[in-house]
Amino acid sequence: MTLAATRILIIGGGFSGMSAAIELRKRGADVDLVEIDPGWRNYGAGISLGGATLRAFRQLGILEAFLREGNAADGVQTFLADGTPLATLPTPRVAGTDVPGGGAILRPVLARILAEATRAAGTNVQLGCTFTRIEQDADGVDVTFTDGQRRRYDLVIGADGLYSKTREALFPDAPKPRYSGQAVWRAVLPRPPEVQGAMMWMGRVKPGVNPVSKDLMYLFVTEHRPTNTHVDPATFVEQLRALLAPFPAPLVQHIRDQIGPDSQIVFRPLEGMLMPTPWSRGRVVLIGDTVHATTPHLASGACIGIEDALVLAEEIARHAQVGAALAAFEARRWERCRMVVENSGRLGEIEMANGDKEEHGRIMRESLMALAQPI
Ligand SMILES: Cc1cc2nc3c(=O)[nH]c(=O)nc-3n(C[C@H](O)[C@H](O)[C@H](O)COP(=O)(O)OP(=O)(O)OC[C@H]3O[C@@H](n4cnc5c(N)ncnc54)[C@H](O)[C@@H]3O)c2cc1C
């Protein structure tokens, strides 16, 4: 197979960078991946995934591992604060008729599955390392690393997340991450038998649960916080319990009772950023959260980053020139990524304003249908 680029560097070993490594190795590229964290850790509780993400897992070859170690289920059940059922949002079976339309998994477990697949694919992974300098000419990119080494590549992929140094180096005028006005609390808890799939309750804050394995689920609570101020971790238990207090639903109260001093609670202000195209300069291209960090209202941030990786590898294999491959990549990705970031942002705005429930439902349905389309 002739590739537009054969010597490729990926900066950042998150979900997007690892997926790019796996797909490019499949096509025969030599891939170096540098990850700044020496422990290659992934923080956080669970991650919810739609059918399009499971379709991408199938292509990456990790669907079986996900189904074994995570949890897959159809639909999202919604309830009033007192537990009265409202509706079940359908989640199309995008990955195939044999695979439910959504699911969830512990973040560190998904990161481990992807890291194992990245290494098994033959990627040269270097941990605790990053670039210090990127210089390019018409034929290649010279990269100097923190360990003093210098290597030349045909293509460099920046996948170093929302606060990307690669973006900073290449696009100093790119938009900056913006606080959305919402924050999310998450915790991993034992899974009661009645929690079979994603469930959400409607109230002043939005609690939800999603099973991440046979025994565990994760709780997420989205809260309107007009300013992005520090929250003392010593108050996490008390604050999270207080947010759930106004929900009389027996299941929510049962979940609230499970939250105690031993619970691992993660609090995260929600930020977003959508960088207009071009996402590349010469032989350096950005993917994932570096160019389209979304709030989690459609549970599709990881999805669009992983899809970037799949599409980029396809276009590298389809074209003889890097420039043509990157132009084709951006053309295929822009509209879908824009849709996810902007629709997620709008859902957050409606929630904060206690706005139009019809519009909220319509955007959810239309977005899920759009995500089910081929990439
Ligand atoms: C609170 C919250 C909840 C979310 N929930 C969901 C959800 O339910 N479903 C969903 O699909 N998405 C969700 N998302 C979005 C999802 O987590 C991100 O879209 C996804 O993790 C982006 O992956 P990435 O690989 O592009 O970036 P990242 O995950 O940020 O990975 C970047 C990697 O690069 C490394 N790195 C950073 N700087 C450097 C450097 N200079 N050199 C080398 N390496 C570097 C980092 O250590 C990291 O490993 C959520 C996000 C948030 C904030």
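Ligands are counted one by one from 1 in listed order, and the atoms in each one are counted from 1 as well. Everything numeric in this text was worked out from a predicted model, so none of it was measured.
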Contact partition for [X] relative to ligand 1, non-hydrogen atoms under 4.0 Å:
| X | result |
| --- | --- |
| Ala104 | neither |
| Ser300 | backbone |
| Tyr218 | side chain |
| Arg107 | side chain |
| Pro296 | side chain |
| Val34 | backbone |
| Val184 | side chain |
| Glu271 | neither |

**Item:** Considering all heavy atoms, the nearest Cys303-Thr53 contact
**Value:** CB-OG1, 3.2 Å
**Message:** Pairs of nitrogen or oxygen atoms closer than 3.5 Å, one from Phe15 and one from ligand 1: do any exist?
**Reply:** yes
**Asked** Quick one: which of Gly288, Ser16, Gly14, Gly305 has a heavy atom closest to atom 23 (O) of ligand 1?
**Response** Ser16
**Request:** Verify the distance criterion only: is there a donor paired with an acceptor across the side chains of Thr144 and Gln149 at less than 3.5 Å?
**Result:** no
**Message:** Can you confirm whether the side chains of Gln59 and Glu23 place a donor and an acceptor under 3.5 Å from each other?
**Reply:** yes
**Request:** Establish, for the pair Arg283 and Tyr153, whether the NZ or CZ atom is under 6.0 angstrom from the six-membered ring centre and no further than 45 degrees off its axis.
**Result:** no
**Prompt:** To the nearest 0.1 Å, how far is atom 44 (N) of ligand 1 from its closest protein heavy atom, and which atom is that?
**Reply:** Ile36 N, 3.2 Å
